[in-house]
Amino acid sequence: MIGLISATAAGAVARDRLAAAWPGRTRVYEGPVRDAVERAFGECEQLVCFLATGAVVRLLAPLLAGKASDPGVVCVDEGSRFAVSLLGGHEGGANALAGEVGDVLGCAPVVTTATDARDIPGLDTLGWPVEGAVAAVTRAVLDGAPVALRADAVWPLPPLPVVVSEEAGTVLSVSDRVGELGPREAVLRPPSLVVGVGASKGASVDEVLALVGEALAGAGLSPLSVAELATVDAKAEEAGIVGAAARLGVPLRTYAAEVLARIDVPNPSDAPLAAVGTPSVAEAAALAGGGELLVPKRKSSRPDGLPAMATCAVVRRAPRGRLAVVGLGPGARDLLTPRAKAELRRASVLVGLDQYVDQIRDLLRPGTTVLESGLGAEEERARTAVAEARKGHAVALIGSGDAGVYAMASPALAEASDDIDVVGVPGVTAALAAAAILGAPLGHDHVSISLSDLHTPWEVIERRVRAAAEADIVVTFYNPRSRGRDWQLPKALGILAEHRTASTPVGVVRNASRVDESSRLTTLGALDPTTVDMMTVVVVGNTAAREIAGRMVTPRGYRWQTEAAK
Ligand code: SAH
């Protein structure tokens, strides 16, 4: 919940706008300001104060308990010109909140956290627990001082401008192992461990947790690296296991007994076979997702000497790389989606055609490895992107428009095995960008057809054009014409003309949303194909399409409009 506090009439107006914009997310605190801030501080995860920063600092001072528990606080000035992230920039989410408040109220977010200001991901923003000399390492990274990166494995981290130098006094480790930390060492805890647990009916949360704690400690492993608990389906509701997962703050994954029974384990036994139908629960559940068994099955020890009620085993799973397939949109920066932007900055390796890389190079974080190649190297790009992800990196494979439309997504995913995570980010494809410029040509059924016969035999293309012609579907031609391919477009238009009149509207859009954008509306009979090139899409209307007020409109076919036209 976000607590809202204001003192003046102007503050109350801005406060009410925020409350109206975010129904269910905010709570208004009225009454004397000191009292309102105190109550909100205790009850909310975040506060927006429509008060001067000085006043808020004084009111908050006696309430502060620590970074981990204090709410994030944003201050908005009387004129709603600034949203200042005052407290809890990262942990409390105040930096992000300042941006969101800025979006609603039209004020500028003010963020003073060093890492955000310098565009370097703070160690605490990676979403993984971090321990040790966080401030010292962050400082060194910011100052560009040498930092040694010591990672047990390649994890899909965002780019970190760290200098790999063993002499550096400052060390950033990525490890699930506990051990003595150097005075200038911070350690990121990757989500590498899976703990398999079994429990008899009624086992207590404390018994399960104590067992897990002993197993990890005995093997020198950090509880902060536990990614999940795993057990058999029959124990999905077992309070001791459910409670232990909740206390560790990790999800509980369950597997069918038949699945677990098929997994080879070092310590099978008869008891679980009889009870739940698999000779191993803890070891098999831990190993079910793959990985290396670090702690074989062990049983809980009970102070009262009664038989153990819980078992556990620990597996380290291999890091999974991450491949984001990102569409950049047709060209204009404001048609690049915020999600695409975030993925570009999330990746430590960027793979793409050089001209597309140029389009977004300024958005990349320092330290990003850019692997660019020229036209025609599709296969190499697809292979490279997948290979980098398989090494464990966070990779972004980019394409213009939508990366899945006549672009890199399919060749890349055809190469990819199931050992990497894949994230798709849709982009505004050329057909949509062009349609918005032309009017509403795609208002009814439509199809895209690429006229490039480089990889598709012309007979196949022609069959599809003919089918679209016969079915009276609006057609957008991609790759319509190049210097070496000049007869395909007239041929395709000829096929459509067998089923549509010469006055059928045709929209021609070149370089949609780019600096030299141009568009024209003509007809099937009048289009001169020599005016079309590879930077262009050609949209041919169906038999109902019309030019209305200079715009291309394919009627949706609503009865109320048909009636009106009569
Ligand atoms: N993935 C891209 C399409 C790649 S195929 C997308 O989703 O848009 C390349 C063809 O797309 C070009 O020959 C052209 O026909 C079309 N195209 C791409 N961007 C365009 C733009 N900004 N304006 C007009 N046509 C474009």
Side-chain angles (χ1 to χ4, degrees), residues 324-337 339-340 343-344 351-360 373-379 381-382 385 396-414 424-439 441-442 446-456 461 464-465 468 474-490 492-493 506-522 527 529-540 552:
V325 184
V326 183
L328 302 181
R333 180 54 59 84
D334 60 355
L335 290 180
L336 175 83
T337 68
R339 189 181 298 185
E343 284 296 342
L344 295 175
V351 181
L353 185 66
D354 40 19
Q355 70 195 64
Y356 300 151
V357 176
D358 286 339
Q359 205 174 311
I360 46 85
S373 41
L375 265 177
E378 277 88 13
E379 190 180 330
R381 275 197 294 282
L397 175 62
I398 58 171
S400 85
D402 182 276
V405 176
Y406 307 122
M408 293 306 297
S410 26
L413 299 198
V425 182
V428 177
T429 187
L432 298 184
I437 293 164
L438 293 169
L442 308 183
H446 54 274
V447 67
S448 292
I449 296 179
S450 166
L451 290 184
S452 168
D453 54 0
L454 249 42
H455 305 288
T456 309
I461 299 174
R464 291 175 185 170
V465 175
V474 176
V475 182
T476 305
F477 289 116
Y478 281 68
N479 300 307
R481 185 173 175 276
S482 68
R483 227 172 291 154
R485 285 189 304 103
D486 56 2
W487 55 265
Q488 289 86 346
L489 179 62
L493 294 171
V506 172
V508 179
V509 180
R510 185 167 192 275
N511 279 327
S513 94
R514 300 180 186 144
V515 275
D516 44 355
E517 171 185 304
S518 65
S519 75
R520 130 183 100 77
L521 198 49
T522 171
L527 174 67
T530 62
T531 59
V532 171
D533 67 7
M534 279 297 275
M535 306 284 120
T536 308
V537 282
V538 177
V539 187
V540 182
M552 182 170 172

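Everything numeric in this text was worked out from a predicted model, so none of it was measured. What's counted below: heavy atoms across the whole structure, side chains too, no hydrogens, waters or symmetry copies. First listed ligand is number 1; within each ligand, the first listed atom is number 1.
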With a cut-off of 3.5 Å and sequence neighbours excluded, list every side-chain donor-acceptor pair involving residues 404-411.
residue: Tyr406; atom: OH; partner: Ser448; partner atom: O; Å: 3.1
residue: Tyr406; atom: OH; partner: Ile449; partner atom: N; Å: 3.4
residue: Tyr406; atom: OH; partner: Ser450; partner atom: N; Å: 3.2

Go through the steps to decide whether Thr456 and Asp453 satisfy the test side chain to side chain donor-acceptor pair (under 3.5 Å), and finish with yes or no. CA-CA 5 Å; Thr456 309; Asp453 54 0; over 6 Å; no
For the residue pair Ser518 / Arg510, report whether a side-chain donor-acceptor contact shorter than 3.5 Å exists.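 Ser518 and Arg510 do not have a side-chain donor-acceptor pair below 3.5 Å.
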Are Arg481 and Thr530 close enough that a side-chain donor and a side-chain acceptor fall under 3.5 Å?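 Checked: Arg481/Thr530 side chains show no N/O donor-acceptor pair below 3.5 Å.
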Using the side chain to side chain donor-acceptor pair (under 3.5 Å) rule, take Tyr478 and Thr429 through it: C-alpha gap first, then chi angles, then the decisive distance, then the call. CA-CA 10 Å; Tyr478 281 68; Thr429 187; 2.6 Å; yes
Using a 4.0 angstrom limit on heavy atoms, which residues are close to ligand 1? Pro330, Ser400, Gly401, Asp402, Val405, Tyr406, Ala407, Thr429, Ala430, Tyr478, Asn479, Pro480, Val509, Asn511, Ala512, Arg514, Met534, Met535, Thr536, Val537
Ion pair Glu378/Arg381, N-O distance below 4.0 Å: yes
